[in-house]
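Following: one structure in structure tokens, then a few remarks.
Atoms within a ligand are numbered from 1 in the order they appear, just like the ligands themselves. Everything numeric in this text was worked out from a predicted model, so none of it was measured.
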Amino acid sequence: MSDGMDRTIPYPVPDSLAGLSAIPKARFLDTLAILFRVFLPTVAKGVIIRRPAMLAIADRLDLDRRAIRAMQRLRGEYGSGPILLRIPGRSLAIIADPRDVHRVLAESPDPFATATPEKTAALSHFEPKMALISKGQERADRRRYNDQVLQSHTPMHPMAEHFLDVVASEARQLRSNLRQRHKALGWEDFSDTWFRIVRRVIFGNAAREDNELSSMMARLRSAANWAFLRPQRHRLREQLLARIKNYLLRADPDSLAGMMAQIPATSQTAPEQQVPQWLFAFDPAGMTTFRSLALLASHPEQARIAKASDLSGLGQDHTSYMRAVVLESLRLWPTSPLILRESTTATVWRNGVLPPNTGLVIFTPFFHRDDEQLPFADTFTPELWMKEQPEQKYALIPFSEGPAVCPGRHLVLLLATAMLSELLTGTQLRLSSPNRLVPGQPLPATLNHYRLRFDLI
Ligand code: HEM
């Protein structure tokens with residue numbers, strides 16, 4: 001290779017790798033561009049809980065679009081990578097090619113561990129024993145437990161019918177409140193209803209009004225946004241876990257807590273520490289549902305197809321148009337913008353060898369909205385998802401993929417499609433803010449869900 005850089009491997013490698021060269025590091029200024037245009041805005045918006053003011057700024061300054069442009073420039077400069085950044089004290093590589101995304105996710109957790117130092121620092125604020133930040137046998141056991149409770153292998157959870165009743169009754173109440181008060185629908189009303197649904201699904205009816213539980217989660221997540229930079233709130237975490245345990249002791253049979261009571265736990269499982277992830281992750285599911293509503297309210301043709309095709313909330317395979325709408329909303333505005341892995345050994349790539357203990361960063365908005373590669377990048381295209389497998393030449397990975405794929409994805413799609421169906425059949429909604437979702441025009445790279453407003457007509 002003729003980039004003029006010293007590519008001698010600067011760390012011990014097995015004999016099988018002798019003769020290969022190290023992946024070159026990006027120049028300092030190019031590294032700075034990625035730090036300031038990709039990482040900083042993403043982290044400032046809040047990775048664990050969104051910061052409304054920062055989201056508004058990102059929206060106004062089009063920071064997500066700039067981040068995608070910065071990644072395109074990096075790829076233009078260094079090729080399809082991976083590209084090692086020049087960061088003192090941390091080996092960090094950014095993935096720039098869909099083939100490498102598929103590889104990293106397929107080869108998790110070994111040699112690409114899910115537990116990276118950054119993720120562990122953030123999530124251990126409220127769930128230090130959660131599967132994603134666990135290793136070895138503990139990770140395997142905790143993942144198994146999540147799979148069994150969430151029934152991740154099937155689109156229809158055994159409790160699906162009950163959960164759909166919960167969505168229907170809460171949506172009915174929301175509609176009637178809005179009508180009585182002649183109110184527009186904004187995030188506050190929507191999210192109040194959504195979190196009632198989430199608490200009932202996870203713990204049963206007794207938790208319906210437990211706003212304190214959601215507020216404890218929000219406080220811990222705010223601290224978690226700062227990862228290493230903020231001390232952990234141990235007392236608050238203990239209070240949260242005690243409150244969760246209390247619900248688990250009562251185990252309402254019509255809830256995930258009821259399901260947990262039937263699933264064997266070992267001395268390693270730490271069941272109550274898997275639950276905060278569910279409470280936390282249903283928040284992005286709510287954002288996605290609300291954004292999907294905005295897409296449908298602003299795209300009459302797609303709304304017509306959605307209404308005609310699938311209003312039961314039950315169609316959960318690739319033929320369901322409403323499910324495709326939700327997945328497409330996640331492609332356009334992915335709620336997990338950074339998927340991180342940590343290599344446990346030296347790994348070989350097209351352009352050389354990466355050292356062990358390298359952090360690998362997959363910046364999902366780049367792969368979902370790369371208008372140099374994706375003909376549909378900025379267009380609302382639910383049809384993309386109406387296949388058994390999304391096309392492998394792209395990396396469309398809202399729920400990740402491979403052995404660490406989100407085990408809650410089917411539940412999310414079930415509840416989101418059910419909620420959309422309820423709102424579309426029971427009300428006529430017109431998107432009053434923002435006015436930038438226009439069929440035939442490129443969709444914005446940021447959609448601030450806090451600002452979405454719908455008039456009832
Ligand atoms: C829109 C909603 C959601 C999205 C976009 C989403 C996406 C993801 C992604 C991308 C990952 C992989 C993270 C990584 O590798 O670093 C993940 C993991 C996970 N998700 Fe979700 N998720 C959502 C909601 C949920 C819900 C509601 C639950 C539970 C009810 C859940 C449970 C989990 C768990 C337990 C993991 C860890 C899996 C492991 O360690 O192998 N997620 N999710």
Under 4.0 Å to a heavy atom of [X] - the qualifying atoms of ligand 1, by number:
X    : value
A131 : 40 (O)
R341 : 14 (C), 15 (O), 16 (O)
S400 : 10 (C), 12 (C)
F282 : 27 (C), 30 (C)
P398 : 5 (C), 7 (C), 10 (C)
R143 : 38 (C), 39 (C), 41 (O)
N146 : 35 (C)
P284 : 1 (C)

Quiz item: Tell me: protein heavy atom nearest atom 19 (C) of ligand 1, and distance?
Solution: P407 CD, 3.6 Å
Quiz item: Looking at atom 5 (C) of ligand 1, what's its closest protein heavy atom, distance included?
Solution: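 In this structure, atom 5 (C) of ligand 1 has T335 OG1, 3.1 Å as its nearest protein heavy atom.
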From the candidates [options], the one that places a heavy atom nearest [atom]:
atom                    : options          : value
atom 25 (C) of ligand 1 : A281, S336, A404 : A281
atom 4 (C) of ligand 1  : F399, F280, F112 : F399
atom 31 (C) of ligand 1 : C406, P334, P403 : C406

Quiz item: Testing T381, L295, T379 for side-chain contact (heavy atoms from CB on, under 4.5 Å) with L332, which one passes?
Solution: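 So the option named by the test is L295.
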Practice problem: Report yes if K119 has an N/O atom closer than 3.5 Å to an N/O atom of ligand 1; otherwise report no. | Solution: yes
Sub-4.0 Å heavy-atom contact, [X] with ligand 1:
X    : answer
R139 : yes
L150 : yes
I339 : yes

Quiz item: Is R142 paired with E127 through a side-chain N to carboxylate O contact shorter than 4.0 Å?
Solution: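 Salt bridge: no.
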Practice problem: Run the numbers on M287 and T335 for side-chain contact (heavy atoms from CB on, under 4.5 Å), then give the verdict. | Solution: CA-CA 8 Å; M287 291 176 206; T335 56; 4.3 Å; yes
Exercise. Specify the closest pair of heavy atoms between R199 and S214, including all atoms of both residues, with the distance to one decimal.
Key: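 Heavy atoms of R199 and S214 come nearest at NH1-OG, 2.7 Å.
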Quiz item: Is the charged tip of R103 near the ring of W349: under 6.0 Å from the six-membered ring centre and within 45° of its axis?
Solution: yes
Practice problem: Cation-pi check, R51 to W226: give yes when NZ or CZ is under 6.0 Å from the six-membered ring centre and within 45° of the ring axis, no otherwise. | Solution: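 Yes; both conditions hold, so R51 lies above the ring face of W226.
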